[in-house]
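One structure is given below, encoded as structure tokens.
Throughout, a chain's letter reflects where its sequence line sits, starting with A, and its residues are numbered from 1.
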There are 2 protein chains.
Amino acid sequence: MPPRTYHHPEAGEIAIARVLFALSEPLRLNMVRMLAEQGEVDSINLGPDLPRSTLTHHTSLLRESGVVFVRAEGRKCMIKLREEDLEARFPGLLGTVLTAYGSAGDEGETDA
Amino acid sequence: MPPRTYHHPEAGEIAIARVLFALSEPLRLNMVRMLAEQGEVDSINLGPDLPRSTLTHHTSLLRESGVVFVRAEGRKCMIKLREEDLEARFPGLLGTVLTAYGSAGDEGETDA
DNA sequence: CCAATCGTTCGAGTTTTCTCGCACGATGAT
DNA sequence: ATCATCGTGCGAGAAAACTCGAACGATTGG
């Protein structure tokens, strides 16, 4: 029996409005920032204090909007940014948003 | 008695999450694209078919999030992008989003 | 095999956003 | 002055998003 599988939109199907919406949520924007810094991370590290169902909600939204790639590894769930796909589809977007976040996001850096 | 006045956040107060949220709505994203192409525009041109109160709702949201500058001119209301402020605050963001929109936004070009 | 752990799904409740009709003040033209 | 026009604010209703507890299947370790 295959492990958990996840549906991901193809690179060409990623819609700008959905990406912007995904990034407009502070929790998710913070997740994306962590992913940009740390590469592939265990989903639990994206929100150690969040209820699991809430965490799943946000990671699923990021996945369905084409921002992240999700893969099951044992019981855990590894998340990484779709940097190449996003760069190909919307050149510069991710970098620009992350730069903007770094300079004016939330100055209270509660680093994990 | 002064004409209508509008409150605008200062450039330094513009928050990335709010800007992304403002741009994540298809109607508003389309408005921003028109503004980028046409410069300062009469608000009515941003949504000729929308109810007035709906149009006000979206233009107000764009204004309050720091994306556009609004000024009363007679009975009309002129809108323009805050390109310089946005560029200073979030370098490259607006251009990147508009490029992304142009290449993958909505292919149905209903040009005004 | 059994128990603990993890992510997912479902459902309910809360909050936010969106839409739009209506009344009002301001403006411009007659 | 009068009247039509425009944007705004308000209120209500609908739609969408967020949060989170509980139950379930899958996986790991004893």
Side-chain angles (χ1 to χ4, degrees), chain A residues 1-8 15 17-32 34-35 40-80 106 112, chain B residues 1-8 15 17-32 34-35 40-80 106 112:
Chain A
M1 203 168 296
R4 290 167 307 203
T5 58
Y6 298 92
H7 177 257
H8 296 81
R18 291 184 60 130
V19 171
L20 294 175
F21 179 76
L23 298 179
S24 72
E25 172 72 32
L27 249 59
R28 291 190 295 261
L29 186 51
N30 194 41
M31 289 178 184
V32 169
M34 292 177 65
L35 289 166
E40 191 174 39
V41 305
D42 185 340
S43 70
I44 193 67
N45 292 326
L46 294 179
D49 301 333
L50 272 54
R52 293 293 141 80
S53 51
T54 300
L55 186 56
T56 297
H57 170 71
H58 288 296
T59 55
S60 296
L61 197 151
L62 285 170
R63 172 177 52 80
E64 288 161 13
S65 63
V67 176
V68 303
F69 183 81
V70 180
R71 140 182 99 80
E73 172 153 327
R75 283 181 292 205
K76 299 187 270 190
C77 156
M78 303 299 290
I79 321 268
K80 67 176 172 183
D106 192 330
Chain B
M1 202 168 298
R4 289 166 302 187
T5 57
Y6 299 92
H7 177 257
H8 296 80
R18 287 181 64 118
V19 171
L20 294 175
F21 179 76
L23 299 178
S24 72
E25 172 71 35
L27 250 58
R28 291 191 294 261
L29 186 52
N30 195 42
M31 291 179 184
V32 169
M34 293 177 65
L35 289 166
E40 193 174 37
V41 172
D42 185 341
S43 70
I44 192 67
N45 293 327
L46 294 179
D49 302 332
L50 270 52
R52 293 294 140 80
S53 50
T54 301
L55 186 56
T56 298
H57 168 73
H58 288 297
T59 56
S60 296
L61 198 150
L62 285 169
R63 171 177 53 78
E64 288 161 12
S65 63
V67 176
V68 304
F69 183 82
V70 181
R71 132 183 107 81
E73 171 151 330
R75 282 180 293 205
K76 300 186 269 192
C77 156
M78 303 298 290
I79 321 269
K80 69 175 170 184
D106 191 328

Legend entry - Contact under 4.0 Å: A:Arg52 side-chain N or O vs C:dG7 OP1/OP2: yes
Inset, instruction - Round to a whole Å and report the spacing from CD of A:Glu25 to C1' of D:dT19. - result: 11 Å
Legend entry - Proximal nucleotide (of C:dT8, C:dC20, C:dT19) relative to the A:Cys77 side chain: C:dT8
Inset, instruction - Let me know the distance between CZ of A:Arg71 and P of D:dA26, rounded to the nearest Å. - result: 20 Å
Legend entry - Spacing between B:Phe21 atom CZ and D:dC18 atom C1', to the nearest angstrom: 12 Å
Inset, instruction - Classify the nucleic acid contact of A:His58 as base, sugar-phosphate or nothing, counting any heavy atom under 4.0 Å across all strands shown. - result: sugar-phosphate
Inset, instruction - For B:Arg28 and B:Ala22, indicate whether the former's side chain and the latter's backbone hold a donor-acceptor pair under 3.5 Å. - result: yes
Inset, instruction - Please report, rounded to the nearest Å, how far the P atom of D:dC6 is from the CD1 atom of B:Ile79. - result: 15 Å
Inset, instruction - Could you work out which one of C:dC20, C:dT27, C:dC18 sits closest to the side chain of B:Pro51? - result: C:dC20
Legend entry - Distance in angstrom units between B:Lys76 NZ and C:dA29 P, rounded: 10 Å
Inset, instruction - Mind checking A:Leu61 for me? I need base, sugar-phosphate or nothing, with any heavy atom below 4.0 Å counting as a touch. - result: sugar-phosphate
Legend entry - A:Arg4 CZ to D:dT27 P, straight-line distance once rounded to whole Å: 8 Å
Legend entry - Integer-rounded Å distance: C:dG7 C1' and A:Asn45 CG: 15 Å
Inset, instruction - Could you tell me the separation between the OG atom of B:Ser65 and the CG atom of B:Leu20, rounded to the nearest 0.5 Å? - result: 10.0 Å
Inset, instruction - Taking only the side-chain heavy atoms of A:Arg75 (C-beta and beyond), determine which of C:dA4, D:dC18, C:dT19 contains the nearest atom. - result: C:dA4
Legend entry - Check: A:Arg4 side chain, A:Arg75 main-chain N or O, donor-acceptor pair, under 3.5 Å: yes
Inset, instruction - State whether A:Thr56 places a side-chain N or O below 4.0 Å from either non-bridging phosphate oxygen (OP1 or OP2) of C:dT8. - result: yes
Inset, instruction - Enter the distance from B:Asn30:CG to B:His58:NE2 here, rounded to the nearest 0.5 Å. - result: 11.5 Å
Inset, instruction - Return the 5'-most residue of the pair A:His57, A:Gly74 with respect to DNA chain D, ranking by each residue's nearest nucleotide. - result: A:His57
Inset, instruction - Give a yes/no on whether any side-chain N or O of A:Ser43 is located under 4.0 angstrom from OP1 or OP2 of C:dG7. - result: yes
Legend entry - Interatomic distance, A:Ser24 atom OG to A:Arg18 atom CZ [nearest 0.5 angstrom]: 12.5 Å
Legend entry - Short side-chain N/O contact to C:dG7 OP1/OP2 from A:Tyr6, under 4.0 Å: no
Inset, instruction - Measure the distance from CG on A:Leu50 to P on D:dC20 and round it to the nearest whole Å. - result: 7 Å
Inset, instruction - Report which part of the nucleic acid B:Ser60 touches: base, sugar-phosphate, or nothing (heavy-atom distance under 4.0 Å, all strands). - result: nothing
